[in-house]
Structure formats: structure tokens, C-alpha cells
Amino acid sequence: MVKSRILSKVNGNILFFSGLIIVLLFVFVAAFAPYIATHDPTYIDFDSVFLPPSAVHYFGTDDLGRDVFSRVIYGSRISLFVGFVAVGISLAIGVLLGLVAGYFGGFADTVIMRFVDVMLCFPAFFLILAVIAFLNPSMFNVMAIIGLTGWMGVTRLVRAEVLSVKTRDYIVSAKVQGLPVWLILSKHILPNVFTPIFVTATLGVAGAILTESSLSFLGLGVQPPTPSWGNILTAGKDNIMFAWWLSFFPGIAIFITVLGYNLLGEGVRDILDPKS
Amino acid sequence: MIRVRFLLLAALLVFVGCSDGGSNTSAEKEVKSVKKTAEKTKDTPVNGDAFVSSSLGDATGLIYNITSDSASHDVAAKIYNGLVEYDKDLKIIGDLAESWDITEEGKVIVFHLKKDVKWHDGHPFTSADVEFTYKFMIDDKTPTSYDADFRLVKSFEVIDEYTVKITYDEPFAPALISWSMAVLPKHLLEGNDVTKSPLLREPVGTGPYKFKEWKAGESITLVANDDYFKGRPYIDRLITRVIPDTATTFLELLNGAIDMAGLTPLQWTRQIDTNQQFQNQYDKYKYLSFGYTYVGYNHTKKPFNDKRVRQALTYATPKKDIVKGILFDLGVPAHGPFKPGTLWYNDDVKKYDYNPEKAKELLAEAGWTDSNGDGILDKNGKNFEFELMTNQGNTVRTKICETLQQSWEKIGVKVDIRVLEWATFINEYVDKQKFDALVLGWNITNDPDLYDVWHSSNCGGRKLNFICYKNEELDKLIVEGRKEFDPEKRKLFYHKAQEMLAEDQPYTFLYVPYSLVAVSNRFENVYSAPAGITHNQDKWWVKKENQKYHFEP
């Protein structure tokens, strides 16, 4: 029984469960940020700059006297949002191009895959930096650019899966019955390449969160006063010698979240991999 | 010593500055300088050692008449001399000029040059070099931004080898100090294209230090000029290291690898007090800097052309909180474009103590009320919202923007912050006047002339009155002020000008920061004066037993 085999793998998979718990926790925090935060994350108070962690300010305060705990909590919203939207964009592009390239082959395949090669030639982060320099740094631009520069892996993966799936008997049968191409693609091929897409997407969210944090850290991502883990870290960098809490807490938040998504991705792969 | 103003990229790293503001630290310094004076009577200065400083960028060329970066200026200033210079109290004294006469009510200046001055290559210095420099500065082919003052010269005559006569159309008070521009060697440059001259890389001047070596992107080394006409400087070598980032500079300072560096208020208040190694190696100097930070409003745009709106925004600006919270009290609130404590500064002007209620009243008077109840003021169906811009890489300015955003929100004004890369910010937004309001800083020059930044004729793209403030009365004062040579009479024009600026609030003047400098304590005879701290660097010296670097003669 396939189902019970998967379930038994789920039961014994610590990776999957720890990842899932972290991710759910993270989503919960982001969704209920206003109820969890103890202060207004953008409220500037010059009477309480650089306070170390205490019962009032769990994670201390930053260089403008803002509560770091509340900023980290609200920052999770940015990370979640950027992660999902960016991955959504790259999935949409990647899956579509991968399906087309894999299913139709020939000229379309050549053109798409060479374009993928060209895009992969640019070091992704520098490409993003260059594009940001032309546009204005803002959350929406960051999401769009991360998405638009991250679809190539998905395309390759989907194409490879489609190449193997399309030779199966049920596809041949569907073709013989005269089903329209879009129906074959959406009803018969897409569901069967879903597993690797899901794994890549999960890992992709982790990558997007990291990229967003790096950009914000450099001042090219989310703009002040909106808190994001990356721009909280920027304040931390200047003051790391005496205000460790400014770097430590957002750093830990990034670490745990990215770890969570990676564990989840790995876990799902293990569970759905028929060979293990 | 250049009169032309330039936009300050990092207002907190300025070295030139003025006397102490009166605090614990200054008291410490006073004790120390008394001790040092006492030592000086016992010890005679000796030659030797090197002074290592750092620069964020590499110099672009060592003829500073045609460069505009501070790295080039700082190095080249040790290689060349002008005809005149400022002394430690900011009085104008002769440099290459022995003396001068000002006649015909200020229209004519006759310079008598020093004799027996030699270029670094041994060639004698004469009036021909001065004439060459003048012609070079007004040549249309010379790519310089410092030509404006020299273009006002009506005629330039060489009387004899050591006398020149300069005539102006009308009296021009800043004329004298404009001759602090570096004098260039005619015998090496005449007939050559200066922009391609080898002297840009290996300069020859008359100054206290001679060029030795330039490792591109790494360091520039100068050696003492034994034949310097004011006497050989005591320190053998000046080494300027290129360290492209402030955090690394600070670490190098803590390691003792550089002898002088500017500090940020944060480093000053939080990071060095507890560092024993630092305390043992460095003396700290603190003095009000020659610069101020402000919010500029674009007067070509509504609603900033309404005086009441600008006054309201100033009323809603917590200057004292900004100085306390962001500068850690290492600055003073500013109310005009001059430095507190100088002759030109007028303290008796309208000040706008933080008062949000008053701000709301003024805005209501100007027609801005919250008629739709969304928390943002509006007028004729348009919300009061605008963009506040500043440059990247200056965290202090970003923090100011965030503070203003919050305090202006309280009076119902919505602000979006935009932080832009420096070159883009200046070229695409400031020069093209595509901004609503911005946070920037100006250098304060020693000469009080306000023409470049405040005269209405300088409104426009690529000019310094980019906010396009126009006030005919102020224009008149500025023009009159340029004609008066007597400082006591001249200051009255600028005191009146400050009253006008305070009333009109074309800028919201924010603060004048302190210059915070650490200098290695092995150097003797270091003290701060109105001209800053490096004004007498030629006379700094190190006791034999403290010397750190040794060179083969």
C-alpha cells in the first residue's frame, strides 16, 4: 500500500516534523504579529536607545530606541511575504517554461533552455544588485526581482520530469484519445511532476528569505522604517561591539526560519522519494 | 583652504573645525595642553618618525586646483602653498606672499612675494609662477570648479619678479583668501596639457613635504622637504593609507596602525571609553565642526513655497531630541548657516522650539486641515504627503529621516523616505531639482559669503541654490556683504541675513556636529584651535624614545 508506506515514513521523519513545526510557528507569528508584539515596531524613543534585553524589552532596543522584539516579530511578515511571492513568481515562470520545453521539445526546447543557460551565466546576486540600482529599492521590486531571477532551476527540473513523464502509457493514451494539449499538460503531466516542484519551492522560500535579508542589510531592500530582519541587522553591524542583541536576535530569526524551510524541503523529499 | 563649498558626503568625518565647546573632554584637553606647554620648554623638538593617516578613497590627482575629492586635497595641501593662508585663529596671513597692500577701496591687491623660495626640484619661485597659475585657473580648457573667484579679476599685472598687482571691477571681500589656491610650477607645466601631466602622479610644489611614492589604491608617501622656506617639518614622512571603509578604519585605529582618525558619536561615546588599549595610545579631540545638516525644501513645488508651511515643519522638528538621541549630544542645534561662536554667527534670531500645536495652527492658517478624518492633513482634496530623500551610507541621515517621519506624522503630514546612492542622488535628483525635501549637509566656509548657496541667481540645475530660494532683500545683503572688507562692519550684513533666513525657514536647520578626532599621543605640540587640529602639523614632533618608525637617511 503506497499510502501507508508514505505515512510510516512521515511518522519516523524527524527532519520533516521539526521543519514543519518551525514553519508553522513562523507563519503563526507572522499572522498574529500585532497581538504578539509588545511595542509599536516603528516608535522612536530617544530616552531608551541601546537598552539591553530586559523584562520590558525582551530583545533590547535599537539605535533609535525601538523595541527589537517587536521589530523581529513584524519582520517575519516581510520575510514570509517576500518568500512566498518571490517563489510564486519563479514557480509560475519556471513551471510554464519547463512544461513547454519538455513537452514540445524541438525548437521551443532549444530556445528556452539556451535562455535558461544565458540567465544562469549571471551570478544571481550581482544581477539582482544591478537591477536594483536601476529601479528603486522597495519591497515590491525586491520580490519581483528575486522571483524573476530565480526561475531557471525550476525550469530545468520541470523539463526533465516532463521528458520522462510524457513517454508514459497514460499520456500516450490521452494523446490518442485526442485530448487538447492544455488538458494533457494540466491534468496529466503537472500533477505528476508536482513532487520535485514542491521540494524546490520549499527550498526556494528559504533562499528568497536569505536574499531579501542580504539586500535589506545592504540598504537595497525593504526601506526604513518598515522593519525587516535584514535592515535590523544593518543597525546591528555598526554597533556589534557593544550592542550584541541588535545582531543576535534577527540573526537567530533568519537562521531558524531558513533552517525550518530547508528541513521541511529535505523531509518532503525523503518521504516522497520512492527509492528511500 | 578652498573657498568653494562642496556637498558633504559624510558630515561626521570632517576634520577642520573650531575651538572646544566646553565639556569634560575639553577640560581634560586643557590640562593636557598645559602639561605639554611645560614640557615644550624643557624639550627641543627633534626630527624623525612618520605620521600615518587614512583616507576612504584613493586620490584622483595631486594637483588640487583641478580635483574635487577630499583625498587629493588632503595630500596635495602638504605639497603646495598658496599666496595666503589662514592661521590657527582663522586670520589671513602670508604664505608665499611676504605682505600685500589693498588699495582703491579694495579694488586693487598688490602682493609682495617671498624671495629665496625654491620648488622641490630646485628651480626658484617667482611672480611668473603666480601669473601662470592665474591664467591656468581662468583658462576655459582647465577642468576646475574653483574658477569663479578668479574670473572676477579685471587685470593681472606682473610688476617685477616678486610683485604682482591684481585689479577687480568692484570691491570683492572674499578676493584675498581666494589666493590661497595652490601656486603651480610654470617651468614644468607651461605648454603641457595639465590633465595628462606626469605632475598629477608625481607633483612638484613648494610645500613642507615632497612627493615620494604612490601605490595606487594602497598608499601615498611624502617626505620632509629639507629646504622648506618656513623650516623643515619635524616628522620625516606622511603616509596616507587608503582604507575604503569606516569600520575597518576604526579597527586599524584600535590596533594602532593609523595615527589619526575621525570618530562617529557612537564610537566616541560607547566604544572607546572601555578600551584600555585605545586610552593608552590616543588623545581625543572634540570641537565644533565647520558644517551643518539641514532639511531643504523645494521652493518650486507646492506647498513648500508657503512660508507658514515651512515654519510649521520646523516647529514640528525635535532638534534637541535629534542631537541627544542620534548624536549623543555631540552637536548643537543649528538656527542658521553659520557656526556658533564665530564672528558671523547671530544667536539673536527667531528659534523654533519644538511645538507641534503651533505647527498645526500655522498649517491650518495655510489651509491644511484634516477634512476627511484620515489622520492626514488635506487641502482642496489633496493630502499633505511628500518624499524625503537622503543619501545612502550615512546612517545618521537615515535616522534623521526616520525621526522626522514620526514627528511630522504627529501633525498630520505623511512622509515617505527614499535613500539613494550618492551619485544617483546628486545627478538625477538634486541637480535636476526632482525632489520634494531632502536631508543634506553643507561645509561652512571661513569666509561668510552666502552667494553660492543663497543668492537667487544660483537657483537652477547643477547650481548650489538647488532649492530655488529667492529673496530680493537677501540678495541685496549678500551682494553688499561681498564689498565690505572690515569684518566688524561686514558681520552686520550677515547678522541681518540670518534673521531673514530664520523668519523664512527655506531650510530647517538641524544641527552643527562636533568633529571627533583621535590622534596618537606620541605626537607633541598637538592642540585644537579655531582652525581645527592639523593647522600646525608641520610643527608636530615625536620624542626620540617614542619614535615608532625609523628610516635610513
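The figures here come from the full heavy-atom set of this structure, side chains too, leaving out hydrogens, waters and symmetry mates. First the proteins, then the strands, lettered A, B, ... as listed; each starts at 1.
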Would the number of heavy atoms belonging to other residues, nucleotides or ligands and lying under 6.0 Å from [atom1] of [X] be above 12?
{"X": "A:F242", "atom1": "CZ", "result": "yes"}
{"X": "A:Y58", "atom1": "OH", "result": "no"}
{"X": "B:Q433", "atom1": "CD", "result": "yes"}
{"X": "A:F125", "atom1": "CZ", "result": "yes"}
{"X": "B:K320", "atom1": "NZ", "result": "no"}

Interface moiety of [X] toward chain A, non-hydrogen atoms closer than 4.5 Å:
{"X": "B:I326", "result": "both"}
{"X": "B:K399", "result": "both"}
{"X": "B:T398", "result": "side chain"}

With a 4.5 angstrom heavy-atom cut-off, is it the side chain or the backbone of [X] that approaches chain B, or both, or neither?
{"X": "A:T234", "answer": "neither"}
{"X": "A:D45", "answer": "neither"}
{"X": "A:L64", "answer": "side chain"}

Options B:I417, B:T403, B:T395, B:T424, ranked by heavy-atom pairs under 4.5 Å with chain A, top entry: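 Most pairs with chain A among the choices: B:T403.
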Could you have a look at B:Q405, B:R418, B:E402 and say which one has the most heavy-atom pairs with chain A under 4.5 angstrom?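 Looking at each of B:Q405, B:R418, B:E402 in turn, B:E402 comes out on top.
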Minimum side-chain heavy-atom gap B:K324-A:D47 below 4.5 Å: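 Heavy-atom side-chain distance check passes, below 4.5 Å.
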Would you say A:F50 and B:L266 make side-chain contact, with heavy atoms under 4.5 Å?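 Side-chain contact under 4.5 Å: yes.
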Could you go step by step and tell me if A:Q223 and B:V419 meet the side-chain contact (heavy atoms from CB on, under 4.5 Å) rule? CA-CA 8 Å; A:Q223 293 297 294; B:V419 184; 3.8 Å; yes
